[in-house]
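Report on the following structure.
Worth saying up front: this structure is predicted, and the values here are computed from it rather than measured.
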Amino acid sequence: MRAVLFVIMCALMSATQALAETYSFPSDHAAPVNLRIEGSGDIEAIGPLIRDFQSLHPQFAITYVDTLTNELNSRITAACASGQNLPDVVFSSSVDHMVKLANDGCASTHVSPETQRLPAHARWRDEVFGFTFEPAVIVYNKRLVAPENVPHTRDELADLLRNDSLGLDGKVGTYDIAQSGIGYLFAFFDAQESSSFGRLIEAFGRARVKLFCCTGELLEQIEDGRILIGYNLLGSYAYARLKAGAPIGIVLPRDYTVVLSRAAFIPAAAANPAGGRDFIDYLLSLRGQQVVLQSSFFFAQGAPLPDGIDAAGTDNQSGIARPIPIGPDLLAVSDKQKRERLLRVWKETLGQR
């Protein structure tokens, strides 16, 4: 039985590695120390953090592996079960995966002045640490959607889709929650938080919503006009496109704005746990958070919103921002029966098999 389990785990690890992108950050140090980081984060966002960390710790030669959230979770789950081939730091936008992994014994404890500064909603058991503040936003093509037609709440978006005055049939997009870990997490939170969730997905079904695995692909289609409005996208990636000149608008929903804190931990069987602790402390430090704000994810707890965001008077202190707490409540997101129930409602409402 153990032999069969090992073969299955190896197959899972090989399959997920095939979907990953690997980036190397070499060191000129006379005796470089290897540090391996695996996560779900575009290199454009993570690269500035790694390079700044290396400027403080030039001894580290760093390998970063970028993997989609569900594939990352499968690989790390298998690696933790075998105790082999684990990175020194793991991070993911699917914080429910991170809490489940820690709850299953995959994470090690780390206590430092930097971890202790975190608010309670961004730290769990001194094992899982949130290092970003990323709102889920509505994104639209500014050239093709007039200001008076921009939705600012979920009800407004549902009304827009039901009336279809803009010809939105097949022109609205969101995550495929069966394939995207972050998409499923946002949908799960919406189902708990919003009385409008059922009405919204019914409107998605009417408008023949297009489903995407990843934020980048959806943003590309909004940018070129194939999709006019996108729902529940990660605001950090959308703002990076806006800064680069994309003709998009970004709305923080006025009814409530879900806020994700991308989470990281050090695996219990990491080859270089000391290096992992150094990197976690850097991410949480004032310097690391400045890089997060200025070069990587563009939003931060308590900081002013970046320019060009349609927040209509909302801000981080308004009460409209609803952070997803990193903690045991997220274990419910991984509950098999709850997942099957939500996916069944989602697929039936959207007319999927």
Side-chain angles (χ1 to χ4, degrees), residues 39-52 66 69 91-95 122 130-145 147 150-153 157 172-175 180 182-183 185-186 212-225 227-254 256-263 283 288-318 320-324:
S40 60
D42 290 355
I43 188 61
E44 291 80 8
I46 303 304
L49 288 162
I50 292 176
R51 285 188 286 270
D52 190 56
D66 176 20
T69 53
F91 69 86
S92 178
S93 54
S94 291
V95 290
F131 66 96
T132 66
F133 186 89
E134 299 180 65
V137 300
I138 297 169
V139 180
Y140 63 96
N141 184 300
K142 292 181 73 171
R143 293 174 179 162
L144 300 173
V145 180
V150 174
H152 294 92
T153 67
L157 177 56
V172 61
T174 190
Y175 294 109
S180 166
I182 184 61
L185 177 61
F186 283 161
F212 296 83
C213 73
C214 317
T215 311
E217 184 182 0
L218 181 46
L219 284 169
E220 286 175 7
Q221 294 211 16
I222 296 172
E223 194 171 338
D224 65 23
I227 296 293
L228 299 186
I229 297 175
Y231 174 71
N232 255 3
L233 282 76
L234 279 169
S236 51
Y237 292 161
Y239 189 73
R241 294 292 183 99
L242 180 64
K243 280 190 66 175
I248 60 173
I250 301 173
V251 175
L252 270 63
R254 297 179 192 176
Y256 66 89
T257 297
V258 179
V259 178
L260 168 81
S261 187
R262 200 173 293 247
L283 289 178
Q289 287 297 295
Q290 279 299 110
V291 177
V292 165
L293 180 61
Q294 295 172 2
S295 303
S296 294
F297 295 101
F298 311 112
F299 297 82
Q301 176 112 18
L305 294 171
D307 293 339
I309 301 294
D310 183 347
T314 67
D315 55 44
N316 292 346
Q317 319 303 325
S318 66
I320 290 176
R322 306 284 173 83
I324 298 175

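- Sorted by first and then second residue, the salt bridge (charged side-chain N to carboxylate O under 4.0 Å, His left out) pairs with a member in residues 292-304 form an empty list; sequence neighbours excluded.
- Smallest separation of non-hydrogen atoms from Lys243 and Gln294: NZ-O, 3.9 Å.
- Here the side chains of Ser261 and Ile324 are not in contact, with every heavy-atom distance at 4.5 Å or above.
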Subject >> Audit row: Phe91, Ile46, side-chain contact (heavy atoms from CB on, under 4.5 Å) steps and yes/no >> reply: CA-CA 11 Å; Phe91 69 86; Ile46 303 304; 3.5 Å; yes
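- Between the side chain of Ser40 and the main chain of Ser93, a donor-acceptor pair closer than 3.5 Å is present.
- The closest side-chain heavy-atom distance from Leu260 to Phe297 is not below 4.5 Å.
- Residues Tyr140 and Val251 are in side-chain contact: their nearest non-hydrogen atoms beyond the backbone lie under 4.5 Å apart.
- Note that CZ of Phe212 and CD of Glu217 are 5.5 Å apart. Values are rounded to the nearest 0.5 Å.
- Between the CD1 atom of Ile250 and the CD1 atom of Ile309 there is a distance of 4.0 Å, given to the nearest 0.5 Å.
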**OP:** Please lay out, stage by stage, how Phe298 and Tyr239 fare under the test ring-ring contact (aromatic ring centres under 6.0 Å, His included).
**Re:** CA-CA 7 Å; Phe298 311 112; Tyr239 189 73; 5.4 Å; yes
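- Taking the side chain as every heavy atom from C-beta outward, Val258 and Pro135 never approach each other to under 4.5 Å.
- Contact annotation: the side chain of Asp66 never approaches that of Ile43 to less than 4.5 Å [non-hydrogen atoms, C-beta and beyond].
- Listed by chain and number, the residues in a side chain to side chain donor-acceptor pair (under 3.5 Å) with Tyr237 are Arg262 (sequence neighbours excluded).
- When all heavy atoms are compared, the tightest approach of Ser92 to Thr69 is OG-CG2, 3.8 Å.
- For Val259 against Ala321, the heavy-atom pair with the smallest separation is CG2-CB, 3.9 Å.
- Taken to the nearest 0.5 Å, the NZ atom of Lys142 stands 9.0 Å off from the CD1 atom of Ile248.
- A donor and an acceptor atom, one from each side chain of Tyr175 and Thr215, are located under 3.5 Å apart.
- Across Ala136 and Thr257, no two heavy atoms sit closer than the pair O-CG2, 3.8 Å.
- Looking only at side-chain heavy atoms (C-beta outward), Thr174 and Leu233 stay at 4.5 Å or farther from each other.
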**OP:** For the pair Leu283 and Thr132, evaluate side-chain contact (heavy atoms from CB on, under 4.5 Å) and give the outcome as yes or no after the intermediate values.
**Re:** CA-CA 9 Å; Leu283 289 178; Thr132 66; over 6 Å; no
**OP:** Could you walk me through whether Glu134 and Phe299 pass the side-chain contact (heavy atoms from CB on, under 4.5 Å) test, one step at a time?
**Re:** CA-CA 6 Å; Glu134 299 180 65; Phe299 297 82; 5.8 Å; no
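- Here the rule is side-chain contact (heavy atoms from CB on, under 4.5 Å) with Pro253, and of Asn232, Asp310, Ile138, Thr153 only Ile138 fits it.
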**OP:** Report the C-alpha distance between Ile229 and Val139 in whole Å, list the side-chain angles of each, state the deciding distance to 0.1 Å, and finish with yes or no for side-chain contact (heavy atoms from CB on, under 4.5 Å).
**Re:** CA-CA 6 Å; Ile229 297 175; Val139 180; over 6 Å; no
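- Side-chain contact between Cys213 and Ser180 is absent, with no heavy atoms from C-beta onward closer than 4.5 Å.
- With sequence neighbours left out, Gln289 forms a side chain to side chain donor-acceptor pair (under 3.5 Å) with no residue at all.
- The distance from atom SG of Cys214 to atom CD1 of Ile182, rounded to the nearest 0.5 Å, is 12.0 Å.
- Atoms CG and NE2, from Leu157 and His152 in turn, are 11.5 Å apart once rounded to the nearest 0.5 Å.
- Separating the CD atom in Glu44 from the OG atom in Ser295 is a distance of 13.0 Å, to the nearest 0.5 Å.
- A side-chain donor-acceptor contact under 3.5 Å links Asn141 to the backbone of Leu144.
- Contact annotation: the side chain of Ile227 never approaches that of Val172 to less than 4.5 Å [non-hydrogen atoms, C-beta and beyond].
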